[in-house]
Colleague: 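What follows is a structure written as structure tokens; I'll ask about it next.
Letters go in sequence order (proteins before strands), and every chain restarts at 1.
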2 protein chains.
Amino acid sequence: MDTNISRSRQQRQRIDKLLNTYGVNLTRQRHVIADTLFARDQHVTADKLFEAVNNSGTKVSKATVYNTLGLFVRKGLVREIFIDATRTFYDSNTSRHHHFYNVDTGDLIDMKERLAPHFIDQDLPDGTAMDMVDLVIRVKNKAP
Amino acid sequence: MDTNISRSRQQRQRIDKLLNTYGVNLTRQRHVIADTLFARDQHVTADKLFEAVNNSGTKVSKATVYNTLGLFVRKGLVREIFIDATRTFYDSNTSRHHHFYNVDTGDLIDMKERLAPHFIDQDLPDGTAMDMVDLVIRVKNKAP
DNA sequence: CTGCTGTTTAGAATAGTTATAAAACTGATT
DNA sequence: AATCAGTTTTATAACTATTCTAAACAGCAG
């Protein structure tokens, strides 16, 4: 009966280590947020994460969820994916990959890396350096 | 002294034809909006367009600018480019091309097509068809 | 001319996000 | 141990981009 307790303890330590590695100070709020976010590889909106966090017992304000996600992005723990003006996803998988976005269902799906294009660092606008490649293939459901 | 008048008449006719071709009913508001938008190939935000339109004499509400841009997108006259939660650009050039976005300056720059990747229609998620490819290369200013 | 129908407009409302002021923490000093 | 200064974190309140909806309008039929 202590499997749950010991698993959650392990999980807690895993998160502690992760946040430390990326130079993020530990707080109660950040812990719950990270815990929920890194439970698995996922694409989540700030709002959905806010719901999930607050359903898990601990109360955290929506602003804190945003601030924390912003911090995680700056520290490199998660990646922001802008789909449209009202849909920003946070990807708990930061490895180099791109996305399919289903405009009908709203699902964001990982693209196998081999499909992703390889870019040349030459030919960027003068005086600029590559920051990040944002590739989203918008797909729609086939009519049945 | 009638060069201006005749040019604007020509321009008016060009816009009339354009909107007709794409099946957009003509109204006073749509005409000013289209006139401003298609004056040249450009990347413009709804807000900037709203300003430009209202500086040119005719008063149009911001909601109408948004509604009209939405209509133009659906009809295929312009293309939406989502940069982040607070920045949606409308591109008056709908030909197949992609973009560089300078995160320091906020400029959106066309990418020469030959740099753009060529995608395969195979390997899309099951039951889906390609809708549109959104590729934005985020660049930052080189430190001097 | 009058009533009907679909379309267009724009004021008001909404939703996602951010700024700021207050709260909590840290850790040095007495 | 208590106090204080400085810093970090939180979350309320405010903001801004966008959309909804009710009213205005245009075009057609009788």
Colleague: Nearest heavy-atom pair of B:Arg79 and B:His97: which atoms, and what distance?
Modeller: NH1-O, 3.0 Å
Colleague: To the side chain of B:Thr64, which of C:dT18, C:dA10, C:dT17 is closest?
Modeller: C:dA10
Colleague: Which residue is it: B:Thr94, B:Asn67, B:Leu77? I am looking for the one with a side chain to side chain contact (heavy atoms under 4.5 Å, CB included) to B:Phe72.
Modeller: B:Leu77
Colleague: Tell me the interatomic distance from A:Asp47, atom CG, to C:dA15, atom P, rounded to whole angstroms.
Modeller: 10 Å
Colleague: With a 4.0 Å heavy-atom cut-off, tell me which residues in residues 70-90 of chain B come close to DNA chain D, sorted by residue number.
Modeller: B:Thr86, B:Thr88
Colleague: For the pair B:Glu80 and B:Tyr90, evaluate side chain to side chain contact (heavy atoms under 4.5 Å, CB included) and give the outcome as yes or no after the intermediate values.
Modeller: CA-CA 5 Å; B:Glu80 250 169 337; B:Tyr90 293 86; 3.4 Å; yes
Colleague: For DNA chain D, which residues of residues 21-34 of chain A approach it to below 4.0 angstrom with any heavy atom?
Modeller: A:Asn25, A:Thr27, A:Gln29, A:Arg30
Colleague: Would you say B:Val44 and B:Tyr66 are hydrophobically clustered, going by side-chain heavy atoms of ILVMFWY under 4.5 Å?
Modeller: no
Colleague: Output the distance between atom NE2 (B:His99) and atom CG (B:Asp110), rounded to the nearest 0.5 Å.
Modeller: 4.5 Å
Colleague: Tell me, do B:His43 and B:Asp107 make a side-chain contact under 4.5 Å, heavy atoms counted?
Modeller: no
Colleague: Does the side chain of A:Gln29 come within less than 4.5 Å of A:Thr68's, by heavy atoms?
Modeller: no
Colleague: Run B:Ser95 and B:Asn93 through side-chain hydrogen bond (donor to acceptor under 3.5 Å, both in side chains) and show every step you take.
Modeller: CA-CA 6 Å; B:Ser95 73; B:Asn93 171 11; 2.8 Å; yes
Colleague: With a strict under 4.0 Å distance from non-hydrogen atoms of chain B, what nucleotide opens and what nucleotide closes the contacted stretch of DNA chain D, reading 5' to 3'?
Modeller: D:dA17 to D:dT19
Colleague: Going by heavy atoms in the side chains, are A:Leu49 and A:Ile33 under 4.5 Å from each other?
Modeller: yes
Colleague: Between B:Thr68 and A:Ala46, which residue's closest nucleotide on DNA chain C lies nearer the 5′ terminus?
Modeller: B:Thr68
Colleague: Output yes when a side-chain donor or acceptor of B:Asp35 lies under 3.5 Å from a complementary backbone atom of B:His31, and no otherwise.
Modeller: no
